[in-house]
Amino acid sequence: MRLCTPPTFTSEGTPASSGSQDHRPLPPDQQPLSPQPSPSFSKMPRTDEAAAFFHAVYAAVQEIPPGKVTSYGHIAKLVGTPQRPRQVGVCLKHLPTDPTARFHHANVPWQRVINAKGVISPRSQPSGSLNQAAALEAEGVTVMAGALGELSVDFAEFGWFPRILPSEAAMGIVPESDDDEDGSDGE
DNA sequence: CGGTAGGCTAAAT
DNA sequence: GATTTAGCCTACC
């Protein structure tokens, strides 16, 4: 099994955070000249750097195909900060509901992000996770309910764990293939 | 302005 | 395998 190699590819050459963390995949021509908050964000995070992180996370989440799910940790890796899966959760938690914002609840498929165990994080209230499960079911994702009320998704079937973001792949970024993901064993 | 909790994870017991 | 420990950084009290 494991044709799509779930969260187990630690052999990544990501420099991680060495002292100052600013390895955003943002091209130099897209970096704002001044630390002025974009009008798209009604409420900006504390620092400009955090804003970039939020942006990267939201953009990455938007690339998750419908009917697929991934983990917080994987999103963290995709945006270049594999050590901060928790912050990914923070980003989604603070995802604006305001439709005028660049990223909001309706255009960012937050429901497609669950934890590494394949379980929808109950976070603080179960209603939220139930809502998330419903949203996933609506996309065709099968959500299994455990005896303890834990809602899990089969990563083998619905998992989405690309090595890099599709948008970056389209840019021609090919980070060497050290693993063969033919998945001939099926499941 | 300092301390704690939080939509997490991987590694070590 | 089930717990515990250790990183991480932001939001909130």
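Residue numbering restarts at 1 for every chain, and letters A, B, ... go by the order of the sequence lines. Please read all numbers here as calculations on a predicted model, not as lab measurements.
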Can you tell which of [options] lies closest to the side chain of [X]?
| X | options | result |
| --- | --- | --- |
| A:Ala50 | C:dA11, C:dT10, B:dC8 | C:dT10 |
| A:Phe54 | C:dT10, B:dG7, B:dC8 | C:dT10 |
| A:Asn115 | B:dT9, B:dG6, C:dA11 | B:dT9 |
| A:His94 | B:dA10, B:dG7, C:dC12 | C:dC12 |
| A:Gln83 | B:dT9, C:dG7, B:dG7 | C:dG7 |
| A:Lys93 | B:dC8, C:dC9, B:dG7 | B:dG7 |
| A:Gln132 | B:dG6, B:dG7, B:dT9 | B:dG7 |

Given atom [atom1] of [X] and atom [atom2] of [N], what is their separation to the nearest angstrom?
| X | N | atom1 | atom2 | result |
| --- | --- | --- | --- | --- |
| A:Tyr72 | C:dT10 | OH | C1' | 16 Å |
| A:Gln87 | B:dA5 | CD | P | 16 Å |
| A:Leu136 | B:dG7 | CG | P | 18 Å |
| A:Leu92 | C:dT10 | CG | C1' | 13 Å |
| A:Ile114 | B:dC8 | CD1 | P | 12 Å |

For this session: Could you grab the distance from atom CZ of A:Arg84 to atom CD1 of A:Ile75, nearest 0.5 Å is fine?
Result: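 Interatomic distance, A:Arg84 CZ to A:Ile75 CD1, rounded to 0.5 Å: 16.0 Å.
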For this session: Rounded to the nearest 0.5 Å, what's the gap from CG on A:Leu151 to CG on A:Leu136? Could you check?
Result: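 Those atoms lie 9.5 Å apart.
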For this session: Report yes if a side-chain nitrogen or oxygen of A:Arg84 is closer than 4.0 Å to either non-bridging phosphate oxygen (OP1 or OP2) of C:dC9; otherwise report no.
Result: yes
For this session: Taking only the side-chain nitrogens and oxygens of A:Ser121, find out if one of them lies under 4.0 Å from OP1 or OP2 of B:dC8.
Result: yes
Exercise. On a whole-Å scale, what distance lies between the P atoms belonging to B:dG7 and C:dT3?
Worked result: 22 Å
Exercise. Going by an N to O cut-off under 4.0 Å, is there a salt bridge joining A:Lys117 and A:Glu150?
Worked result: no
For this session: Could you tell me whether a side-chain N or O of A:Gln132 sits under 3.5 Å from a main-chain N or O of A:Gln111, the two making a donor and an acceptor?
Result: yes
For this session: May I ask you to say what A:Val88 touches in the nucleic acid, namely base, sugar-phosphate or nothing, with a heavy-atom cut-off under 4.0 Å?
Result: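 No contact at all - A:Val88 keeps every heavy atom at 4.0 Å or more from the nucleic acid.
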Exercise. Can you tell me the Watson-Crick or wobble partner of B:dG7, both distances under 3.5 angstrom?
Worked result: none
For this session: Search all heavy atoms of A:Ser167 against all heavy atoms of A:Glu63 and return the closest pair with its distance.
Result: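 Of all heavy-atom pairs spanning A:Ser167 and A:Glu63, the closest is OG-OE2, 2.7 Å.
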